[in-house]
Novice: 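Can you read through this structure? Questions will come right after.
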Amino acid sequence: MNRKKTVYIGALILLAILAVLVMGSKRQKPEYDAGNDRKQNTGHDKEYRTEDYPERYKNQLQIIFGENYIIGEKETIIVEEEDCDCGYHTDGYEYDQWNISYQDQDGQNFTQILNNRMSLESQQLSWLNNHLRQYYTQKYLIDFFEDGTFERVSTGEDLGRTYCSVRIGSTVGGYTSDEKEEYDRIQKAGREYKEQLLRQLQDEEKMLHLSEVDYEDIFNCFPVKIGFHLSLDDGELTGTEKEEFEKAVEKRVLEMIQSLKQETNDTCNLRIQVCSANGHCDLYDGARDWRYFILQGERIYPEDLFDGFEWQLFYTYEGIYW
């Protein structure tokens, strides 16, 4: 074997070793077992799904939605039996659901879905999440920006290209190998907080009052994080026209942040991402996207743009909620 070939092979081996070492320290995604997750999602169906929830929880629904809430007709949902090549099986079943309409103190209309396949306390958390998402979408996307600023603004749970998301509680995403023990501790604390919150929501004196949500104080009542993904509708713009459009939106986004800070008395937690054509085009300054992180009303600059904000949020509320 000649010298050049020997050096070449040696270099390949060295590169392979370095790649393994680097991958060992890279941020990993949490392990996820789809089969177990699906089983958990259907684990308590039989316990509830034959009950007339509007009648059983008449008093509780009045507490949650106020005296003037309106409940729609019952709709029966049929879930087909399902088999998977992996060995997973679930029997088919039916359950009932009802639309509930109500207003908040400002007169904004909301709609929630009540079903009899989940406990009332777990649905309260989902309703709070949906309520806040509807509120912030309407006030800070639809009403705050000019029509045509963004692509496909979504007001529902199905995410469009531009949407608002809400998370209540604590979770962190990826982790490096040396963070695994701390990651597990954080996830455990988040689960225990949720379990504690669900137990509280079984008590009528501690149930949510969605018709009376105090938006100024909501971040003091729950560890809430609001996320905005903003896809600019400017994929066909170029040059000066693109720059002027994006600068105007950039200024308006900063105004939106300031308005949210004022509304919440500098207690809000925000994660905002702005991109052009859903990330298919660079912004006028050459950036792929702009990101803004607000923690308890203060802008922060986490080193890890993917997970750093979530880790800092956990530590900020440690000793308060978990």
Novice: Grab the two heavy atoms, one from Ile226 and one from Cys164, that are nearest each other, plus how far apart they are.
Specialist: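 Minimum heavy-atom separation between Ile226 and Cys164: CG2-SG, 3.8 Å.
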Novice: Can we say Arg185 and Glu318 salt-bridge, meaning some charged N sits less than 4.0 Å from an Asp/Glu carboxylate O?
Specialist: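 Salt bridge between Arg185 and Glu318, a charged N being under 4.0 Å from a carboxylate O: yes.
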Novice: When you measure from the side chain of Ser122 to the backbone of Met118, do you find a donor-acceptor pair of N or O atoms at a distance under 3.5 Å?
Specialist: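 Flag not set: sc Ser122 to bb Met118 has no pair under 3.5 Å.
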Novice: CD1 of Ile100 to CG of Leu114: how many Å apart, nearest 0.5 Å?
Specialist: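 Rounded to the nearest 0.5 Å, the CD1-CG separation comes out at 4.5 Å.
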Novice: Side chains of Gln103 and Asn68: any donor to acceptor distance under 3.5 Å?
Specialist: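 Distance-only check fails for Asn68 and Gln103.
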Novice: Could Lys180 and Asp184 be called an ion pair, given the rule that one side-chain N must be under 4.0 Å from one carboxylate O?
Specialist: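 Yes, this pair counts.
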Novice: Salt-bridge test for Glu310 and Arg167: reply yes if a basic N is under 4.0 Å from a carboxylate O, no otherwise.
Specialist: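 Salt bridge absent between Glu310 and Arg167.
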Novice: Which atom names give the shortest non-hydrogen contact between Tyr183 and Gly173, and what distance separates them?
Specialist: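 Looking at all heavy atoms of both residues, the closest pair is CE1-O, 3.3 Å.
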Novice: Nearest 0.5 Å please: distance from the OH atom of Tyr88 over to the CG atom of Asp83.
Specialist: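 Answer rounded to 0.5 Å: 10.0 Å.
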Novice: Using the salt bridge (charged side-chain N to carboxylate O under 4.0 Å, His left out) criterion, which residues pair with Lys247? Sequence neighbours excluded.
Specialist: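 By the salt bridge (charged side-chain N to carboxylate O under 4.0 Å, His left out) rule, Lys247 matches Glu243.
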Novice: Centroid separation under 6.0 Å, is that true for the rings of Phe314 and Trp322?
Specialist: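 Centroid separation for Trp322 and Phe314: below 6.0 Å.
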Novice: Would you say the side chains of His131 and Tyr102 form a donor-acceptor pair under 3.5 Å?
Specialist: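 Distance-only check passes for His131 and Tyr102.
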Novice: Can Glu255 and Lys251 be counted as an ion pair, charged N to O under 4.0 angstrom?
Specialist: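 The answer is yes: the pair qualifies as a salt bridge.
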Novice: Name all pairs fulfilling the salt bridge (Lys or Arg N to Asp or Glu O under 4.0 Å) condition that reach into residues 210-220, sequence neighbours left out, sorted by first residue then second.
Specialist: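 Every candidate salt bridge (Lys or Arg N to Asp or Glu O under 4.0 Å) pair involving residues 210-220 fails, so no pair, neighbours aside, qualifies.
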Novice: Donor-acceptor pair, distance only, cut-off 3.5 Å: does the side chain of Glu179 make one with the backbone of Thr176?
Specialist: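 At least one qualifying donor-acceptor pair exists.
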Novice: Rounded to the nearest 0.5 Å, how far does OG of Ser119 lie from CD of Gln124?
Specialist: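 It is 8.5 Å, given to the nearest 0.5 Å.
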Novice: Return all side-chain donor-acceptor pairs below 3.5 angstrom for residues 195-209, not counting sequence neighbours, or 'none' if the list is empty.
Specialist:
from	atom 1	to	atom 2	distance (Å)
Gln202	NE2	Glu121	OE2	3.4
Asp203	OD1	Glu205	N	3.0
Glu204	OE2	Gln60	NE2	3.3

Novice: Give me the atom names and distance for the closest heavy-atom approach of Ser231 to Glu151.
Specialist: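 Shortest heavy-atom separation between Ser231 and Glu151 comes out as OG-OE1, 2.6 Å.
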Novice: Ignoring hydrogens and angles, state whether a donor on the side chain of Arg117 or Tyr93 is under 3.5 Å from an acceptor on the partner side chain.
Specialist: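 Checked: Arg117/Tyr93 side chains pair up, N/O donor to acceptor below 3.5 Å.
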Novice: Is it the case that the side chains of Tyr140 and Glu263 hold a donor-acceptor pair, with the cut-off being a distance below 3.5 Å and no angle test?
Specialist: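 Yes.
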Novice: For a quick check under 3.5 Å, do Thr267 and Asn265 share a side-chain donor-acceptor pair by atom type?
Specialist: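 Note: Thr267 and Asn265 side chains miss the donor-acceptor criterion.
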Novice: Side chains of Thr149 and Val249: does their closest heavy-atom pair fall under 4.5 Å?
Specialist: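 Yes, side chains in contact.
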Novice: Using atom types as modelled and distance alone, determine if a side-chain donor or acceptor of His229 lies under 3.5 Å from a backbone N or O of Arg161.
Specialist: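 Side chain of His229 to backbone of Arg161: a pair is present.
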Novice: Please report the C-alpha distance between Gln138 and Asp143 in whole Å, then the side-chain angles of each, then the deciding distance to 0.1 Å, and finally whether the side chain to side chain donor-acceptor pair (under 3.5 Å) criterion is met.
Specialist: CA-CA 6 Å; Gln138 185 66 47; Asp143 295 343; 3.0 Å; yes
Novice: Locate the shortest heavy-atom distance separating Gly174 from Trp311; write the atom from each residue and the value.
Specialist: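 Looks like O-NE1, 3.7 Å.
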Novice: Whether the side chain of Asn129 engages the backbone of Val166 through a donor-acceptor N/O pair (distance < 3.5 Å, no angle test) should be reported.
Specialist: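 Such a contact is found between Asn129 side chain and Val166 backbone.
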Novice: Give a yes or no answer on whether the side chain of Glu303 reaches the backbone of Gly308 with a donor-acceptor pair at less than 3.5 Å.
Specialist: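 No, because the side chain of Glu303 does not come within donor-acceptor range (under 3.5 Å) of the backbone of Gly308.
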Novice: Can you find a heavy atom in the side chain of Asp104 that is under 4.5 Å from one in the side chain of Leu210?
Specialist: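 No, their side chains stay 4.5 Å or more apart.
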Novice: By the salt bridge (Lys or Arg N to Asp or Glu O under 4.0 Å) test, which pairs, at least two apart or in different chains, include something from residues 277-291?
Specialist: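 Every pair satisfying salt bridge (Lys or Arg N to Asp or Glu O under 4.0 Å) with a residue in residues 277-291: Asp282-Arg288, Asp289-Arg291.
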Novice: Please name all residues satisfying ring pair (Phe, Tyr, Trp, His ring centres under 6.0 Å) with Trp127, sequence neighbours left out, ordered by chain then number.
Specialist: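 Applying ring pair (Phe, Tyr, Trp, His ring centres under 6.0 Å) to Trp127 gives Phe65.
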Novice: Find out whether Phe110 and Asn130 are in side-chain contact, i.e. whether some heavy atom of one side chain is under 4.5 Å from a heavy atom of the other.
Specialist: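 With C-beta onward as the side chain, the pair stays apart.
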Novice: Do Tyr95 and Gln97 touch side chain to side chain, with heavy atoms closer than 4.5 Å?
Specialist: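 Tyr95 vs Gln97: side chains touch.
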Novice: Could you pull out all residues at least two apart from Lys261 that satisfy side chain to side chain contact (heavy atoms under 4.5 Å, CB included)?
Specialist: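 Scan of Lys261 (side chain to side chain contact (heavy atoms under 4.5 Å, CB included), adjacent residues dropped) gives Ile257, Gln258, Asp266, Cys268.
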Novice: Using 0.5 Å steps for rounding, measure from the CG atom of Leu237 to the OH atom of Tyr284.
Specialist: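 The distance works out to 14.5 Å.
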Novice: Are Tyr215 and Tyr135 an aromatic pair, judged by ring center distance below 6.0 Å?
Specialist: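 Distance test on ring centres: under 6.0 Å, yes.
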Novice: Would you say Glu298 and Ile294 make side-chain contact, with heavy atoms under 4.5 Å?
Specialist: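 No, side chains not in contact.
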Novice: Side chains of Asp96 and Thr76: any donor to acceptor distance under 3.5 Å?
Specialist: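 A pair is found: one side chain offers a donor N or O, the other an acceptor, under 3.5 Å apart.
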Novice: Please report the interatomic distance OH(Tyr136) to CG(Leu270), rounded to the nearest 0.5 Å.
Specialist: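 It comes to 8.5 Å.
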Novice: Verify the distance criterion only: is there a donor paired with an acceptor across the side chains of Asn269 and Tyr317 at less than 3.5 Å?
Specialist: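 Tyr317 and Asn269 do have a side-chain donor-acceptor pair below 3.5 Å.
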Novice: Any side-chain donor paired with an acceptor under 3.5 Å for Gln134 and Thr137?
Specialist: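 Distance-only check fails for Gln134 and Thr137.
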Novice: Can a cation-pi geometry be assigned to Arg252 and Phe144, taking NZ or CZ under 6.0 Å from the six-membered ring centre and within 45° of the ring axis?
Specialist: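 Yes, Arg252 and Phe144 form such a contact.
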Novice: With no hydrogens and no angle check, do the side chains of Asp234 and Ser276 hold a donor and an acceptor under 3.5 Å apart?
Specialist: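 Looking only at side-chain atoms, Ser276 and Asp234 do form a donor-acceptor pair, the distance falling under 3.5 Å.
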Novice: Could you report the tightest heavy-atom contact between Tyr163 and Leu141, atom names first, then the distance?
Specialist: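 Closest pair (atom of Tyr163, atom of Leu141, distance): C-CD1, 4.1 Å.
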